[in-house]
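Below, chain A is the first sequence line, B the second, and so on; all start at residue 1.
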There are 2 protein chains.
Amino acid sequence: MAGRRSDTRERIQQVALELFIDQGYEKTSLREIAERLEVTKAALYYHFRTKEDIVVSLTEDFGDSLEELLEWAPGQPRDEILRRFADLVAGRFGPVMAFIQANQNAMKELQVKSEFPEQLKRLFALISLDDRDPAARLRARLALVAILLGNSPMLLDEEDDEMSGEVALQVALELASPRSGSPGLAP
Amino acid sequence: MAGRRSDTRERIQQVALELFIDQGYEKTSLREIAERLEVTKAALYYHFRTKEDIVVSLTEDFGDSLEELLEWAPGQPRDEILRRFADLVAGRFGPVMAFIQANQNAMKELQVKSEFPEQLKRLFALISLDDRDPAARLRARLALVAILLGNSPMLLDEEDDEMSGEVALQVALELASPRSGSPGLAP
DNA sequence: GTCTATAAGTGGATAGAC
DNA sequence: GTCTATCCACTTATAGAC
């Protein structure tokens, strides 16, 4: 606590996150992370017991924040919920979000088995008013996906400058708002 | 051409696809594929020169079909385009589609660099009427994502039985249909 | 807190017998 | 067309010096 402490641990997290997003979790070796930081692999093992531990440290804060959101959300207006979720993924957890999206497959095999899919599901339920209607459920998902897309390079071309988080939120709100009469489409 | 030929090649493709979807491309070793088929790794190398070649063989038919769709699409009604796309990803290319979605990161590193992202972008452009409006662009993407989600376990819970491709198509059509007046949301 | 050295294992890929 | 046997690069992870 007292006195100066090296920030190596945080630098490891930072570089690891970057590489995991860029190349994927499995493709990124500890050697590579160490080289970037100009330390040795062994130094990494001083700060983290396993490679998996790095991922855990990366995602746990995000999971906690999502949990808070989920506890607060019930009873709140839908657009407030969506806005707060948008703030989360666009804010300091943006990179973590990008990591999770880009490495779902890898996460499955990890012990952590991040709670994220389950949390997302609960969020679906909260913002989809009538979850009896399959179309409404899909719209709820898409509202969240809209927000995710607004912040992720996943299905996006890189040079999409105008696609701000605000726009994504607008579209998300449209999707989450109740339909007029027929839930279907115009003929 | 004439005479009986072993179907090992196709069985390799089948098993590999399954494992790539389930565990991810990198996590799936050739040893594992071989074991499932009860052959040796070396046998795999008779049919495919590299691990990457398996992926190529898996995606190239899909790419061709998408290319056909893209050549046919211009001038066609939007809902026809969406329907045909839905048929594609729900039909025999469903698994391939799931593979691509689940392994975007891995594909980036491959030589193939599948044309899929670029094809998707062209499809975006085709179904988004007014691509000056960022919200319209995002909606076009979401229309396609809706179709993709309707067929993929990506952000979905597993036990979502009612979420048929038809529903997804409906929602996609809504999204791709022009807005009434304001492109924004109700205040 | 960071290092060197190395263990122990897995990966993709090849040579050559049958 | 499939096998055995092997190569070698590279991985995570540990032991122990400084």
Side-chain angles (χ1 to χ4, degrees), chain A residues 1-59 99 103 105-113, chain B residues 1-59 99 103 105-113:
Chain A
M1 304 293 182
R4 201 192 161 286
R5 199 192 90 251
S6 167
D7 63 341
T8 306
R9 190 189 153 91
E10 276 142 47
R11 290 173 60 231
I12 292 171
Q13 290 177 312
Q14 193 182 339
V15 168
L17 183 55
E18 215 170 291
L19 291 174
F20 288 165
I21 292 172
D22 217 64
Q23 314 178 330
Y25 173 74
E26 343 251 11
K27 267 269 173 116
T28 304
S29 66
L30 296 179
R31 183 187 53 72
E32 205 171 353
I33 297 172
E35 269 171 11
R36 274 238 195 159
L37 290 167
E38 290 180 313
V39 295
T40 61
K41 275 188 294 177
L44 263 50
Y45 277 98
Y46 174 80
H47 294 280
F48 298 95
R49 278 171 47 196
T50 64
K51 186 184 181 186
E52 189 167 338
D53 259 29
I54 302 179
V55 175
V56 175
S57 80
L58 246 27
T59 56
F99 161 71
N103 291 282
N105 247 323
M107 309 272 298
K108 274 198 302 201
E109 306 284 306
L110 299 183
Q111 298 275 6
V112 234
K113 276 218 171 214
Chain B
M1 304 296 181
R4 201 191 163 285
R5 199 190 91 252
S6 166
D7 62 343
T8 306
R9 191 188 152 90
E10 276 141 45
R11 290 174 59 234
I12 293 172
Q13 291 177 313
Q14 194 183 338
V15 167
L17 183 55
E18 214 169 293
L19 290 175
F20 289 165
I21 291 173
D22 217 63
Q23 315 178 327
Y25 173 74
E26 343 252 10
K27 265 269 173 116
T28 304
S29 66
L30 295 179
R31 181 187 52 74
E32 206 172 352
I33 297 173
E35 267 171 15
R36 274 239 193 159
L37 290 168
E38 291 180 314
V39 295
T40 61
K41 273 190 296 177
L44 263 49
Y45 277 97
Y46 174 80
H47 294 280
F48 297 95
R49 280 172 44 196
T50 64
K51 186 183 180 185
E52 188 167 339
D53 258 30
I54 301 180
V55 174
V56 175
S57 81
L58 245 27
T59 56
F99 161 72
N103 291 281
N105 245 324
M107 308 274 298
K108 275 198 303 199
E109 308 282 309
L110 299 184
Q111 299 275 6
V112 232
K113 276 212 171 222

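- Taking atom CD of A:E35 as the reference point, atom P of C:dC3 lies 12 Å away to the nearest angstrom.
- Between D:dA13 and A:R49, no contact under 4.0 Å exists linking OP1 or OP2 to a side-chain N or O.
- For A:A43, whose side chain is taken as the heavy atoms from C-beta onward, the closest listed nucleotide among D:dA13, C:dC3, D:dT2 is C:dC3.
- Rounded to an integer number of Å, the gap from CD of B:E26 to P of D:dC10 is 16 Å.
- For A:E32 and D:dT11, the CD to C1' distance is 12 Å, given to the nearest whole Å.
- If you check distances only, the side chain of B:K51 never reaches the base of C:dG11 with a donor-acceptor pair under 3.5 Å.
- Listed pair A:R31 / D:dT11 meets the phosphate criterion, a side-chain N or O lying under 4.0 Å from OP1 or OP2.
- Atoms CD1 (B:I33) and P (C:dG11) sit 11 Å apart, rounded to a whole Å.
- Nearest-nucleotide assignment on DNA chain D puts the 5′-proximal partner with B:E38, out of A:L30 and B:E38.
- Candidate nucleotides C:dC3, C:dG12, D:dT14 were compared by shortest atom distance to the side chain of B:Y45, and C:dG12 ranks first.
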**OP:** Let me see the working for B:I12 and B:R9 under side chain to side chain contact (heavy atoms under 4.5 Å, CB included), right down to the final yes or no.
**Re:** CA-CA 5 Å; B:I12 293 172; B:R9 191 188 152 90; 5.5 Å; no
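- Rounded to whole angstrom, the span from the CG atom of B:L37 across to the C1' atom of D:dG1 amounts to 14 Å.
- Closest-nucleotide positions on DNA chain D for A:K27 and B:Y46 were compared, and the one nearer the 5' end corresponds to B:Y46.
- Rounded to an integer number of Å, the gap from B:R9 CZ to D:dT2 P is 13 Å.
- Distances shown here put a side-chain N or O of A:S29 below 4.0 Å from the OP1 or OP2 atom of D:dT11.
- A cation-pi arrangement is present between A:K51 and A:Y25 under the rule of less than 6.0 angstrom and at most 45 degrees off the ring axis.
- When atom types are taken as modelled, the side chain of A:K27 and the backbone of B:E26 share no donor-acceptor pair closer than 3.5 angstrom.
- For the pair B:N103 (side chain) and B:F99 (backbone), a donor-acceptor distance under 3.5 Å is present.
- As a whole-Å value, the separation of A:F48 CZ from C:dT2 P is 12 Å.
- For A:A42, the side-chain atoms get nearest to C:dC3 when compared with the rest of D:dA13, C:dC3, C:dT14.
- The phosphate of C:dC3 (OP1 or OP2) has a side-chain N or O of A:T40 nearer than 4.0 angstrom.
- Among the nucleotides C:dG12, D:dT12, D:dT2, the one closest to the side chain of A:K41 is D:dT12.
- Phosphate proximity of D:dT2 to B:T8: present, with a side-chain N or O under 4.0 Å from OP1 or OP2.
- A salt bridge is absent between B:R36 and B:E32: the closest approach of a Lys/Arg side-chain nitrogen to an acidic carboxylate oxygen does not fall below 4.0 angstrom.
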